[in-house]
Amino acid sequence: MPTNILMPALSPTMEQGKIARWMKKEGDSIKSGDILAEIETDKATMEVEAVDEGVLAKILVPDGTDNVAVNTPIGVIAGEGEDASAAASPAPAVPATQHKPEAAPVAAEAKAPPQPAPAAAPAAVAPDPEIPAGTAMTTMTVREALRDAMAEEMRRDGDVFVMGEEVAEYQGAYKVTQGLLQEFGPKRVVDTPITEHGFAGLAVGAAFSGLRPVLEFMTFNFAMQAIDQIVNSAAKTLYMSGGQMGCPIVFRGPNGAAARVAAQHSQDYTAWYSHIPGLKVVAPYTAADFKGLLKSAIRDPNPIVFLENEILYGQSFDVPQIDDYLVPIGKARIARPGKDVTMVSWSIGVSYALKAAAELEKDGIDVEIVDLRTIRPMDVPAIVASVKKTGRCITIEEGYRQNSVGSEIAARLMEEAFDYLDAPVTRITGKDVPMPYAANLEKLALPNVAEIVQAAKAVLYR
Amino acid sequence: MASVQSSARPKTARKSAADSDAAAPFTGSNIAEFTREQELEAYKMMLLIRRFEEKAGQMYGMGLIGGFCHLYIGQEAVVSGVQLASKEGDAVITGYRDHGHMLALGMDAKGVMAELTGRRGGLSKGKGGSMHMFSKEKHFYGGHGIVAAQVPLGTGLAFAHRYRGNDSVSLTYFGDGAANQGQVYESFNMAELWKLPVVYIIENNRYAMGTAVTRASAQTDFSKRGLSFNIPGVQVDGMDVRAVKAAADQAISWCREGNGPFILEMQTYRYRGHSMSDPAKYRTKEEVQKVRDEHDPIEQVRSRILKANMATEDELKKIDAGVRAVVAEAAEFATNDPEPDASELWTDILK
């Protein structure tokens with residue numbers, strides 16, 4: 001029976017890709033292990049090998065086709081003497097399995113999942129009032145915004161350099177540093193060995209002497225190996241030196257759950273770092289905020305923990321065409337104005353809030369979303385101002401419930417807006433379990449739109 | 001110290017390092033010829049550290065100094081010899097046994113002592129304490145309380161020197177105890193990979209707190225700890241300031257010339273406990289007394305000076321009196337200087 005070749009998922013977060021080119025023609029015989037085609041993902045161009053043997057009977061999706069969804073049939077392999085036409089049918093339920101990445105696109109242990117990432121395209125965010133009306137916009141991904149921010153700051157200041165695993169020749173494990181090596185050379189775009197504790201300390205030492213390292217952790221999960229240098233060396237030295245020293249450094253990389261990479265690769269460290277005096281903690285949602293805040297972080301004289309999100313990397317947003325676009329650290333933004341209930345979130349959590357708000361709108365509930373953007377120092381006045389209007393607050397984050405950022409927000413509202421609260425502050429968090437691998441369990445472990453909707457109705461007594 | 005001259009040395013390391021300087025084979029056992037001025041300078045520097053630390057110990061006993069206080073007594077030749085070999089611009093970083101390093105760098109004794117007593121005139125305004133002091137002006141980057149954390153930090157200082165294209169080196173000190181931490185080897189790897197100008201100075205005082213090196217280290221020849229990274233290293237008599245100076249001269253030029261890192265194992269000894277609260281029951285009084293009698297770094301210089309008629313007893317007494325006056329003044333200042341203003345609690349957290 002003829003077999004469909006399906007568009008493979010080549011990374012944990014890939015939802016679609018481009019058929020760069022077929023390496024076989026219709027009629028060619030195929031043996032297992034033959035390279036069938038080159039597929040371009042958002043992270044890399046990868047070769048796809050054949051698993052099934054036979055003849056490439058038909059190419060369904062030609063060279064150069066963009067935005068081909070994972071699991072779409074892209075070709076048909078027929079066995080000897082078989083009729084290929086029988087196979088060119090809609091995608092079967094079984095996932096694509098006939099890919100074998102030449103090199104793992106992310107951390108070596110990350111295997112391509114059989115289903116797309118949980119987050120879909122971003123919902124609309126209210127325009128930032130700080131951007132003048134009528135400003136021209138460019139659509140770009142979070143990934144591109146981060147790269148542009150680094151490149152602009154590197155052009156501006158020769159003391160800025162980028163360091164981390166696979167940041168230079170590989171062009172970034174998540175392609176965030178793409179093109180930087182070509183523009184700035186190996187002196188300023190430095191590939192490190194896999195040695196988080198060591199290179200974090202090295203970069204902090206370089207920052208003590210006045211350089212401005214932008215240190216990429218492939219993910220913040222690996223930064224746990226380096227957390228002593230972040231907390232004990234970077235955060236505390238200004239204080240311990242009576243103000244003499246300084247540590248202008250940015251620790252950046254993806255934080256929180258990606259998709260299907262299980263417990264050791266899926267953890268949200270926002271609350272951990274936000275506990276530490278001497279650190280600033282930034283976790284934006286939109287590409288514009290990623291760009292403007294990363295530029296501000298690189299210029300800041302303090303150590304900054306800049307938390308990105310793998311699922312957001314590929315999402316596109318409007319970014320203002322403003323030279324030297326800076327967003328101030330420590331300032332929240334109203335991502336959606338409303339009057340009935342306040343939702344406070346940041347990073348990918350804002351996307352959950354936006355979806356919940358769209359659901360609730362159908363029931364006539366008008367949600368205000370505060371995108372914190374910076375977790376430390378926290379813009380408490382912005383939260384309080386919103387709660388004074390709505391009388392209700394729900395916090396949304398992927399991190400664990402105990403000692404969560406939401407716990408802090410709840411406490412601050414008790415202290416500063418108690419008389420304005422018409423219902424208890426409700427925390428929507430990741431569940432109190434290590435992240436499971438199974439798709440259904442992973443979904444249950446993360447915050448979801450339904451529980452946010454339910455919480456909103458509960459605080460409105462509906 | 002008995003083991004100093006007889007220790008095996010890494011053959012490959014010695015060979016490659018020696019090749020760069022045929023006139024003086026790099027064995028670590030060379031002795032620098034000191035002029036009268038150098039002998040007197042070394043004597044004065046070491047004596048200042050000794051007297052300062054003795055006074056700090058006394059003030060700790062009086063309750064004027066709190067927390068941890070790690071004295072450098074016995075190890076004075078190490079930092080003094082290296083300091084005599086370094087030049088303006090070289091960065092220095094060490095662990096928590098750091099008072100001697102600051103004094104050798106010329107940091108104000110009053111400011112150091114007032115930091116020990118937690119007063120506003122302390123070098124960190126009283127907010128760092130014994131283990132955490134810094135001086136941008138003297139290129140002293142601490143003063144670090146986490147064992148071995150200073151090793152990648154010091155490697156980063158070397159990275160910065162190289163990035164800026166100057167010829168300064170990083171003098172990164174750590175102990176035999178720190179030498180067993182993983183981040184030391186992560187640093188060695190990057191330093192050699194990128195040929196960073198860092199001299200790793202391992203102050204082997206034979207005990208990591210209460211654990212003798214033989215009970216903690218599979219390889220007790222610390223000069224060999226860089227072998228698998230191709231980092232040359234030598235063992236040095238860390239009780240003889242001239243041997244330290246000679247070894248530091250060679251290691252520092254090795255680094256300045258762009259050859260990458262170098263390891264100096266300084267074989268030394270601390271007379272006091274690990275910290276003021278350590279009764280040092282893990283070694284005998286006789287062991288300590290023997291080192292004091294036979295290898296004391298200050299006595300060695302003193303007897304050389306007198307024997308060579310570089311100075312008279314009276315002249316040395318004058319130096320002693322001068323040092324005592326500096327220390328007394330520091331103690332006086334540190335005792336009477338006010339504590340930091342309460343408002344300082346909230347300053348220097350962010351810039």
Side-chain angles (χ1 to χ4, degrees), chain A residues 158-161 163 186-188 190-213 215 225-226 228-229 231-249 276-280 300-304 329-330 376-377, chain B residues 91 93 115 120 122-129 131-137 139 141-146 148-165 168 170 172 181-191 193-194 196 198 340 344 346-351:
Chain A
D159 284 346
V160 178
F161 68 96
M163 174 177 263
K187 181 189 160 194
R188 298 182 66 195
V190 183
D191 275 328
T192 65
I194 301 171
T195 186
E196 280 85 7
H197 196 182
F199 72 63
L202 186 149
V204 170
F208 284 169
S209 90
L211 296 182
R212 293 181 170 267
L215 192 70
Q225 301 250 20
D228 173 66
Q229 292 289 3
V231 174
N232 267 320
S233 300
K236 296 180 182 173
T237 297
L238 179 67
Y239 196 82
M240 295 193 302
S241 66
Q244 258 198 83
M245 302 285 294
C247 190
I249 187 170
I276 306 299
L279 291 179
K280 292 184 181 180
D300 198 282
N302 299 290
I304 313 266
I329 291 170
R376 182 187 188 96
Chain B
I93 190 167
E115 191 59 40
R120 66 178 57 175
L123 286 169
S124 295
K125 301 187 201 164
K127 290 155 70 166
M131 300 185 283
H132 314 112
M133 273 177 263
F134 305 81
S135 170
K136 271 228 145 141
E137 182 204 343
H139 308 285
Y141 290 89
H144 293 272
I146 304 298
Q150 75 272 25
V151 181
L153 295 171
T155 310
L157 295 169
F159 179 92
H161 291 318
R162 229 264 314 266
Y163 191 92
R164 295 203 163 97
S168 298
S170 165
T172 298
Q181 288 273 28
Q183 58 184 319
V184 170
Y185 301 93
E186 298 190 27
S187 302
F188 283 1
N189 183 46
M190 287 183 284
L193 184 68
W194 298 333
L196 300 180
V198 49
E344 285 291 347
W346 298 103
T347 61
D348 307 321
I349 296 159
L350 291 170
K351 270 197 170 176

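In what follows, chains carry the letters A, B, and so on, assigned in the order in which the sequence lines appear, proteins first and then strands, with residues in each chain numbered from 1.
- A donor-acceptor pair is defined here as one N or O able to donate and one able to accept, closer than 3.5 Å; such a pair exists between the side chain of A:Lys187 and the backbone of B:Tyr163.
- Between the CG atom of A:Leu202 and the CG atom of B:Leu157 there is a distance of 9.0 Å, given to the nearest 0.5 Å.
- For chain A, the option among B:Glu137, B:Lys136, B:His161, B:Arg162 with the highest count of heavy-atom pairs below 4.5 Å is B:Lys136.
- Of all non-hydrogen atoms in B:Lys351 and A:Leu238, the two that sit nearest each other are N-CD2, 3.6 Å.
- Contact tally against chain A (heavy-atom pairs below 4.5 Å) for B:Val184, B:Ile93, B:Thr347: the top residue is B:Thr347.
- A pairwise comparison of heavy atoms in B:Met190 and A:Phe199 identifies CE-N, 3.4 Å as the closest pair.
- No part of A:Gln225 comes within reach of chain B, as not one of its non-hydrogen atoms sits under 4.5 angstrom from that chain.
- A:Thr237 OG1 to B:Leu153 CG: the interatomic distance, rounded to the nearest 0.5 Å, is 7.5 Å.
- For B:Glu344, the part lying under 4.5 angstrom from a heavy atom of chain A is the backbone only.
- Heavy-atom pairs under 4.5 Å with chain B were tallied for A:Pro377, A:Pro193, A:Pro277; the largest tally goes to A:Pro193.
- With A:Gln244 contributing its side chain and B:Ser124 its backbone, the two residues share no donor-acceptor pair below 3.5 Å.
- A distance of 10.0 Å separates CG of B:Asn189 from OG1 of A:Thr192, quoted to the nearest 0.5 Å.
- Closest approach of B:Pro152 to A:Gln229, counting heavy atoms only: CG-NE2, 3.3 Å.
- With sequence neighbours excluded, the residues satisfying side chain to side chain contact (heavy atoms under 4.5 Å, CB included) with A:Lys236 are A:Val231, A:Asn232, A:Met240.
- Counting heavy-atom pairs closer than 4.5 Å to chain A, the top-ranked of the candidates B:Ser170, B:Gly142, B:Ser135 is B:Ser135.
- Ring-plane geometry between B:Tyr141 and A:Phe208 is classed as parallel, the angle between the planes falling under 30 degrees on a 0 to 90 degree scale with a further cut at 60.
- Contact tally against chain B (heavy-atom pairs below 4.5 Å) for A:Cys247, A:Gly243, A:Ser241: the top residue is A:Ser241.
- Residue B:Ile146 touches chain A through its side chain alone, counting heavy-atom pairs closer than 4.5 Å.
- Considering every non-hydrogen atom in both A:Asp228 and B:Ala149, the closest pair reads OD2-CB, 4.1 Å.
- Residue with the most contacts toward chain B among A:Ala226, A:Ser209, A:Ala206: A:Ser209 (heavy-atom pairs, distance under 4.5 Å).
- More than 12 heavy atoms of other residues, nucleotides or ligands shown are found within 6.0 angstrom of CG on B:Leu193.
- Looking at A:Ser233, the atoms closer than 4.5 Å to chain B (heavy atoms on both sides) all sit in the side chain, from C-beta outward.
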